[in-house]
Amino acid sequence: MSVAEFPWLTTILLFPLVAAFAIPFIPDKYGKTVRSYAVGVGFVELSLIIYAFWSQYNLHEAAFQMSETYAWIPQIGLNFSLAVDGLSMPLILLTGLITTLAIFASWNVTQKPRLFYFLMLCLYSAQIGVFAAQDLLLFFFMWELELIPVYLLISIWGGAKRLYAATKFILYTALGSIFILVAGLAMAFYGDVTTFNLSELALKQYPIAFELLAYAGFLIAFGVKLPIFPLHTWLPDAHGEASAPVSMVLAGVLLKMGGYALIRFNIEMLPNAHVYFAPLLAVLGVVGIVYGALAAFAQQNLKRRLAYSSISHMGFILVGLASFNDLGVSGAVLQMLSHGLIAGALFFLAGVTYDRTHTLMMDEMGGIAKIMPKAFALMTASAMASLALPGMSGFVSELKIFLGITTSDVYASNFKIVMIFLAAVGVIITPIYLLSTLRQVFYGNPNPALHFDKYVSDAKPREVFVAACLLVPIVAIGLYPKLATQTYDAKTVAVTEQARDAFSLVAQTNPHLYSSGFIAPQLPHTTTQSLLGIVE
C-alpha cells in the first residue's frame, strides 16, 4: 500500500478513540503513567494530522480530497464516509493543536485521572469526526458523541455549580440537535433518491419553502453551538464551571463546529434559502457582537467575562457569512481559526491564575503582576490578540469581515452603515473590558487573603510552553495571514460563487426580495479585488 492509498482520515479519527480504550488496562496507581500516555497519544495524533495534510492535501483544490468510504450499515444506506476540503482541513488542524495542548494542560488532574483522560481522547476523535464526516448520519452521530464527554468533564471536574452548568449544556445542545436530525432526514428522503451523502444532498433541487424550513432548523441547531444570541445562555455557565483544559476545548474547537456547519449545510446545501436569511444573519451577528461585549464588561467572574467575549467574537462570523463576497467569507473562516487560538490561550491562562489564587472573582485579585510576571506577560499578549491589535491574527480576521460587509454589493448603504456602526461599537468596548481585566487581576494592591508567599508562584515551563504554542501562530498569522488563508482560499471562493449565483437566481424570480432597502447597485469586481490585496 502506497502512502497515497493509506486511510489517513480513518486513522486520524479512530486513533485517539482506540487509544482511549487501552487506558483501563494500563498499570498505574497514582495516574502519572496514564497522564504521560494520554499526552503522548495527543502529540502522536497531532503529528499524524500534520504529516497527512502536508503530504496528501492540495491547497489549490476546492473539491473534497482524501476521500474514504466504507459500508457501515448498508440496509439503511449508512456509510463510514470521510473527506476534507479547505473548510474542514484547517479546523481539523486547529482541533489537533487545541486538544493536544488541553490534554497537556491537564497535567495536574488527580481526581479519577483514568476517566478524565479517557473522555478527553474520546472527545478528540468525535471532534475530528464532525469536521471529516461526509455522511449525514455519521455527522449527526459524531455531533452527538462529543456531547457526552463534555457533559461528564464538566459535571465531574467542574466548579461548585458544575451539575447545573453541565445539565444546561446538554439540554441546550441535545435539543438543538433534534433540528439537525429532522431537517437532515427531510432532505435525505426528499425526491426520488434517498441519500445521506452530503455532496449528493447539495445537488438535490428543493422547493424554496422546503429550503427555508430546513435552513431555519439548521440555523437553530448550529446557532446553539456557535452560539447565536439568544441561544447562548448555556455558554457562560459551562465556561464558568468547567476546568481550564475543558474550557480550552469548548471555546477553541466546539464553538467552531457551529460556524463550520453553517457553511457546510446552510450555505452550500441551501444557497437559495441563504439569500433570504443572510440579512438576518448580519443582524444577529451585530447583536451578538454588541451584546456579548456589554455583557462581558458587566462580569466579575474572569471565565464568565471571557465566555461573553467569545459570544461577541462569534458574531463576526455571522456578519462575514452574510456578506456574499470573498473577503467576508474568508474573514469568517479566519475568525474561527483565530478565535480558537486566542480563546484557548485566554482560558488556559485563566486556569493558571486560578490555580494560584483559588478564585475567579477579579475583585478578589490584584497585584499579581510582580509575583507572576510570566503569566502576566502571556495574558497581556493574549488579551491584545483578542482586542484585535494589529500584528495579531484577530486584527486580520476582523478587518477582512469589516471590509467584506463594507464592499458587499448586495446591501444598500443605509443597511451597511448601521451594521458597521454597531459592530464598531462592539470593537470599541472590547479593549475596555479586556484592559480592565488586566488591571483588576494584575495591577493594584495585592489581596492579603490570597497568601501570596505560600500559594502564588509564576507560570511553570510546561505552562509557558502551552501558552507559547498558541501565541506563536497567533502572531505568525497576524504578520503573514497567508499562512492560514492559503489553506482555505480555494474553498471560500467556491462557496462565495455559489452564494452569489443563488442570489442572482433568487433576484430574478423575486425582484422585490430586498426592496425594503437592502439591495444595492453592483460594485465593480476590481474594487473587491483591490481591497483583498490589502489583507493578503
Side-chain angles (χ1 to χ4, degrees), residues 62 86-87 89-91 94 226 228 255-256 258-260 262-264 266-268 274 278-279 281-286 288-289 292 310-343 385-411 416 419-420 422-424 426-427 430 473-474 476-500 523 527-536:
L87 180 59
M89 187 275 282
L91 290 172
L94 178 69
L226 191 59
I228 296 174
L255 301 189
K256 310 309 173 287
Y260 164 82
L262 281 174
I263 301 175
R264 180 72 76 212
N266 292 60
I267 299 181
E268 284 197 295
H274 178 66
L281 291 186
V283 172
L284 289 174
V286 168
I289 292 170
S310 292
I311 294 171
S312 179
H313 285 93
M314 292 298 96
F316 283 99
I317 295 174
L318 294 179
V319 175
L321 297 182
S323 65
F324 285 95
N325 61 31
D326 296 342
L327 269 172
V329 177
S330 176
V333 178
L334 185 58
Q335 178 74 346
M336 287 192 276
L337 300 174
S338 172
H339 180 265
L341 297 168
I342 295 170
S386 185
L387 61 81
L389 184 75
M392 302 285 200
S393 60
F395 172 78
V396 181
S397 60
E398 293 183 14
L399 176 62
K400 294 187 77 168
I401 291 170
F402 268 106
L403 291 177
I405 193 67
T406 301
T407 60
S408 176
D409 52 3
V410 168
Y411 304 107
K416 291 192 290 186
M419 293 296 101
I420 294 168
L422 292 177
V427 172
T430 299
I474 289 171
I477 294 172
L479 296 177
Y480 189 62
K482 194 174 181 180
L483 285 174
T485 59
Q486 65 181 345
T487 64
Y488 62 76
D489 270 342
K491 181 62 180 182
T492 53
V493 168
V495 170
T496 302
E497 290 179 354
Q498 184 180 10
R500 292 185 67 85
L523 284 178
T527 303
T528 302
Q529 289 298 314
S530 62
L531 287 169
L532 183 63
I534 296 176
V535 294
E536 290 294 345

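In this chain, numbering begins with 1 at the start of the sequence shown.
Between Leu255 and Ser310 the shortest heavy-atom distance is CD1-CB, 4.2 Å. The heavy-atom pair separating Gly259 from Leu226 by the smallest distance is N-CD1, 3.4 Å. Residue Phe324 comes nearest to Arg500 through the heavy atom pair O-NH1, 2.8 Å, listed as atom of the first residue, atom of the second, then distance. The two residues Leu87 and Lys491 come nearest to each other via the heavy atoms N-CG, 3.8 Å. Of all the heavy atoms in Ala62 and Ala494, the pair that sits closest is CB-CB, 4.2 Å. Considering every non-hydrogen atom in both Ala388 and Glu398, the closest pair reads CB-OE1, 3.6 Å.
Residues passing the ring pair (Phe, Tyr, Trp, His ring centres under 6.0 Å) test with Phe395: none are found, sequence neighbours excluded. Shown here are the side chain to side chain donor-acceptor pair (under 3.5 Å) partners of Ser393, two or more places apart in sequence or in another chain: Ser338. With sequence neighbours excluded, no residue satisfies side chain to side chain donor-acceptor pair (under 3.5 Å) with Thr487.
From Thr496, atom OG1 reaches atom CG of Leu321 across 9.5 Å, with rounding to the nearest 0.5 Å. Here NZ of Lys416 is found 10.5 Å from OH of Tyr411. Values are rounded to the nearest 0.5 Å. With rounding to the nearest 0.5 angstrom, the OG1 atom of Thr407 is 9.5 Å from the CG atom of Asp326. How far OG1 of Thr492 is from CG of Leu334: 10.5 Å, rounded to the nearest 0.5 Å. Separation of atoms CD1 (Ile342) and CG (Leu337) is listed at 11.0 Å; rounding is to 0.5 Å. Note that CG of Leu399 is 11.5 Å distant from CD of Gln335, once rounded to the nearest 0.5 Å.
In this structure, Leu262 and Ile267 have side chains that are not in contact, with every pair of non-hydrogen atoms separated by 4.5 Å or more. The side-chain heavy atoms of Leu341 and Ile477, taken from C-beta on, include a pair separated by under 4.5 Å.
At least one donor-acceptor pair under 3.5 Å links the side chain of Gln498 to the backbone N or O of Glu268. For Lys400 (side chain) and Leu327 (main-chain N/O), no donor-acceptor pair under 3.5 Å exists by modelled atom type. Put simply, the side chain of His339 never gets that close to the backbone of Met314: no donor and acceptor are under 3.5 Å apart. Side-chain N or O atoms of Tyr260 include none that pairs as donor or acceptor with a backbone N or O of Met336 at under 3.5 Å. Side-chain atoms of Ser323 do not come within 3.5 Å of backbone N or O of Val319 as any donor-acceptor pair.
Checking Asn325, Asp489, Val493, Val495 one by one against Ser330, the side-chain contact (heavy atoms from CB on, under 4.5 Å) holds for a single residue, Asp489. For the side-chain contact (heavy atoms from CB on, under 4.5 Å) with Leu318, the qualifying choice from Val283, Leu284, Ile289 is Leu284, the only one to do so.
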- Message: Test side chain to side chain contact (heavy atoms under 4.5 Å, CB included) on Tyr488 and Val329; report intermediate values, then the result.
- Response: CA-CA 10 Å; Tyr488 62 76; Val329 177; over 6 Å; no
- Check the pair Ile263, Val333 against side chain to side chain contact (heavy atoms under 4.5 Å, CB included), reporting the backbone distance first and the verdict last. CA-CA 9 Å; Ile263 301 175; Val333 178; 4.0 Å; yes
- Query: Taking it one step at a time, do Asn266 and His274 satisfy side chain to side chain contact (heavy atoms under 4.5 Å, CB included)?
  - Reply: CA-CA 7 Å; Asn266 292 60; His274 178 66; 5.5 Å; no
